[in-house]
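Only this structure's heavy atoms are used, side chains among them; waters, hydrogens and symmetry mates stay out. All figures in this text were calculated on a predicted structure; none of them were measured in a lab. Quick note: residue numbers are just sequence positions, from 1.
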Amino acid sequence: MLPFARRLLLVPSVDDMSLIQLEQIEKSFGTQLLFLPSSTQVSRGDKIALIGDNGTGKSTLLEIIADIQQPTSGKVHRARSMRIGYLPQHARLRSSETLYESLQDAFSSLLGMQVKLRDMESQMADTSNAELLHSYDNLLHTFEQQGGYTVDARIKAALIGVGFTSESFSKPVDRLSGGEEARAALARVLVDPPDLLLLDEPTNHLDFLALDWLEETLIAFSGAIILVSHDRHLLDQVANRAWEIAFGELLFYRGGYTRSCVARKAKLAQQQQAYTEQQEYIKLQEDFIRRHHAGQKHRQAKDREKKLQRITKELIAQPRQSKHMSLTIPVEIPSGKRVLQTRDLQAGFTSALFGCPDFTLYRGERVAIIGPNGCGKTTLLETLAGNVPPFAGTVHMGHKVIPTSYNQQQEGLYKNETVLDTILAHSSLTIAQARGLLGRFLFSKDEVSKQMKALSGGERSRVALAILSLMKGNLLLLDEPTNHLDLASQEVLEAALLAYKGTILLVSHDRALLGAVATQVWEIQQGCLRVFSGGYDHYKEYIAAKATPSQSNQKKQTRESRNTRKDPKKTTHNKYHQQRLLQDIEQLEKEIERLEKELNRTERDLLVATNHADTTKVAELGSKYKALKERLDTCCADWEEALEKAKSL
């Protein structure tokens with residue numbers, strides 16, 4: 001049995017039971033309904049991946065929880081004295097202070113204590129006062145307890161974590177670029193962790209080191225998180241819950257992004273099967289009634305007609321599924337075996353950004369080009385494509401190599417031309433054929449008449465991919481192809497690249513894409529390009545092994561133990577064991593559902609007792625609630641462990 005999704009109905013309770021409770025909240029803008037009345041709660045330790053197609057209302061839901069927007073109906077209950085840290089999608093600091101000073105503002109209370117402590121020290125130097133000394137000791141204890149002596153270290157760690165150098169700490173905020181200001185805003189939210197973090201696309205503008213730092217920071221965070229991100233790797237590493245907004249419903253899943261996808265597909269498959277079976281049954285009954293309505297079996301036909309009337313009152317709806325783009329990248333002519341060769345290559349413009357070892361790229365390789373922001377990854381792509389001359393050395397293109405580029409800036413796609421005109425200008429398609437192509441990239445009817453300059457980032461990326469599908473080149477040079485794409489479109493692109501018959505050079509910060517696609521890694525670091533054979537995951541293991549050899553040995557032992565479990569000689573035993581595990585999972589799911597219902601009843605009773613100031617009842621129900629919650633947490637942990645074991649067999 002697979003994980004399942006359920007709508008949770010919870011009512012407000014006392015403040016220490018949860019951080020946030022959503023009670024039948026609904027949101028609409030005029031006639032546009034974002035989501036139907038939904039109820040759930042966020043407890044400390046919940047790390048929630050908020051997923052859904054673009055435009056379904058993820059950012060709006062975050063703003064409702066942050067008290068920036070109000071729901072159309074329903075209530076949001078927040079625990080008393082709870083602090084919320086909110087990072088909007090286009091976060092800005094808007095400050096005239098320096099970068100360092102802007103983060104100091106998060107510690108205004110502690111800095112005020114520090115000033116007061118200095119004043120008291122000056123007073124004590126001039127006079128001996130027992131009361132003053134006592135006040136000083138109390139304030140100093142509070143200052144130490146709240147981390148007053150760690151403020152400077154925390155600010156520097158946050159700024160360096162998101163990618164700033166110590167030289168930039170004194171840079172005025174109003175002189176930062178848009179990307180730098182967004183990173184500074186992320187550091188500002190994380191430097192003094194609140195009880196609940198609401199993060200809307202926090203990975204924008206982060207390089208690999210910053211992404212790793214953010215991931216580790218969020219994993220170690222002890223509060224609650226609701227995270228909107230197009231970074232599938234981050235969602236899988238951080239989240240232990242998932243909320244999905246789909247067709248106006250807010251659905252809840254156990255586990256992170258990948259598990260929620262598995263659960264969603266299983267649920268849709270079950271609904272589709274139930275719908276199909278019911279439709280087939282109805283068709284059979286209608287056929288029997290039609291054939292025997294006036295014959296010898298007319299009584300049976302009459303009985304079946306009555307049953308059919310009851311069934312049609314409770315028809316199973318056909319499950320709805322989001323439309324996803326369809327992408328195939330063809331290769332018209334295969335290239336020769338050697339695709340690229342370099343000799344003494346240096347890439348750059350007025351000066352060399354980095355040097356390259358002499359290398360030969362062979363047909364079918366899929367190369368991930370990685371390195372810090374600004375190191376020259378895009379310059380390398382442009383140099384290899386022949387659009388930028390090498391600063392030094394040579395690039396030799398192999399036999400029958402036809403390069404095709406996807407540029408992250410999507411140059412030429414900001415004009416007054418319509419979407420349809422843009423496709424026609426890049427192809428020899430008829431209008432009907434161009435409309436058909438755009439339909440596969442989710443542009444239908446009047447949408448093909450939109451001007452390119454008016455498109456969103458995601459729409460423009462889909463047009464660029466539609467053009468890419470027409471090129472028929474055998475060497476793809478891709479620069480951040482997943483930028484602005486939603487999670488489903490990223491997976492479609494990933495599948496298309498895996499099916500591609502040519503050679504790929506890929507610049508991307510999408511670690512999930514790199515892990516799935518790359519067969520080779522080129523790392524640009526400190527003015528030099530290094531070539532690593534093997535995929536991105538192999539590269540990460542190599543880097544980790546250099547840093548901490550013992551961790552590498554542990555990973556190796558883990559892989560060996562997994563291989564042992566998958567010994568073919570144990571197939572029969574594994575099959576039997578898996579059946580037992582599936583039975584256990586089913587029982588645990590039933591117990592979890594029972595405990596959640598009992599927990600909800602206890603919360604309602606506790607709320608009534610609290611409102612009536614019945615302290616005895618509150619104490620009794622509080623103990624019951626705690627015991628139920630502990631039992632529920634244990635069952636959930638057992639369920640996840642059993643599911644992992646079942647998947648490994």
Side-chain angles (χ1 to χ4, degrees), residues 327-347 354 356-371 375-390 393-408 410 426 461 464-483 485 490-524 529-539:
L327 173 63
T328 302
I329 309 174
V331 172
E332 191 170 49
I333 303 172
S335 70
K337 184 178 179 181
R338 292 180 178 85
V339 176
L340 278 175
Q341 285 183 302
T342 68
R343 184 173 293 278
D344 301 325
L345 179 64
Q346 293 183 14
F354 57 89
C356 301
D358 294 346
F359 60 77
T360 300
L361 179 65
Y362 291 95
R363 183 181 61 229
E365 290 282 8
R366 300 191 294 265
V367 179
I369 303 174
I370 65 173
C375 69
K377 299 186 294 293
T378 298
T379 303
L380 176 61
L381 279 188
E382 294 294 310
T383 302
L384 296 177
N387 299 326
V388 173
T394 60
V395 177
H396 177 69
M397 200 76 75
H399 182 59
K400 291 186 178 180
V401 173
I402 305 171
T404 300
S405 297
Y406 178 103
N407 190 300
Q408 66 169 317
Q410 296 163 356
H426 285 83
S461 293
L465 289 173
I467 295 171
L468 183 68
S469 73
L470 297 167
M471 294 298 187
K472 300 181 181 180
N474 51 35
L475 171 61
L476 287 184
L477 300 106
L478 307 176
D479 194 359
E480 299 292 357
T482 58
N483 276 5
L485 293 181
Q490 288 177 25
E491 292 175 352
V492 171
L493 174 62
E494 180 183 300
L497 294 182
L498 287 170
Y500 180 65
K501 301 301 182 183
T503 307
I504 299 173
L505 293 173
L506 170 65
V507 172
S508 178
H509 285 90
D510 187 334
R511 293 167 294 173
L513 180 68
L514 297 181
V517 170
T519 60
Q520 209 178 111
V521 174
W522 295 355
E523 179 197 53
I524 302 173
L529 183 145
R530 293 192 297 170
V531 176
F532 294 86
S533 59
Y536 180 71
D537 292 338
H538 179 74
Y539 160 80

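Of all the heavy atoms in Leu498 and Ala516, the pair that sits closest is CD2-O, 3.4 Å. Annotation for His426 and Leu470: closest pair O-CD1, 4.4 Å, computed over non-hydrogen atoms. Across every non-hydrogen atom of Val401 and Arg338, the tightest pair is CG2-O, 4.5 Å. Taking each heavy atom of Pro403 and Leu477 in turn, the nearest pair found is CB-CD1, 3.7 Å. Heavy-atom minimum distance, Arg363 versus Ser335: NH1-O, 2.9 Å. In plain terms, the two heavy atoms of Thr503 and Gly364 that are nearest each other are OG1-N, 3.0 Å.
The side-chain heavy atoms of Phe532 and His538, taken from C-beta on, include no pair separated by under 4.5 Å. The shortest distance between side-chain heavy atoms of Val521 and Leu514 does not fall below 4.5 Å. The closest side-chain heavy-atom distance from Thr383 to Leu345 is below 4.5 Å.
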Derivation and outcome, side chain to side chain contact (heavy atoms under 4.5 Å, CB included), residues Leu513 and Leu506: CA-CA 10 Å; Leu513 180 68; Leu506 170 65; 4.0 Å; yes
Verdict with supporting geometry, Leu340 and Met397, side chain to side chain contact (heavy atoms under 4.5 Å, CB included): CA-CA 5 Å; Leu340 278 175; Met397 200 76 75; 3.4 Å; yes
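We find the NE2-CD distance between His396 and Gln341 to be 6.0 Å, quoted to the nearest 0.5 Å. Here the CG atom belonging to Leu505 is positioned 11.0 Å from the CG atom belonging to Asp479, to the nearest 0.5 angstrom. Distance CD1/Ile504 to CG/Leu497: 4.5 Å, rounded to 0.5 Å. Atoms OH and OG1, on Tyr406 and Thr482 in that order, are 8.5 Å from each other to the nearest 0.5 Å. The NZ atom of Lys472 sits 13.5 Å away from atom CD1 of Ile329, with the distance rounded to the nearest 0.5 Å. Expressed to the nearest 0.5 Å, how far CD of Glu480 lies from NZ of Lys377 amounts to 7.0 Å.
Checking side-chain atoms of Lys501 against main-chain N and O of Pro334 turns up no donor-acceptor pair under 3.5 Å. A side-chain donor-acceptor contact under 3.5 Å links Ser461 to the backbone of Asn483. For Thr519 (side chain) and Arg366 (main-chain N/O), a donor-acceptor pair under 3.5 Å exists by modelled atom type. When atom types are taken as modelled, the side chain of Thr342 and the backbone of Asp358 share no donor-acceptor pair closer than 3.5 angstrom. The backbone N or O of Leu485 sits less than 3.5 Å from a side-chain atom of Gln490, completing a donor-acceptor pair. The backbone N or O of Ile402 sits less than 3.5 Å from a side-chain atom of Asn474, completing a donor-acceptor pair.
Aromatic ring orientation, Trp522 versus Phe359: tilted (interplanar angle from 30° to 60°).
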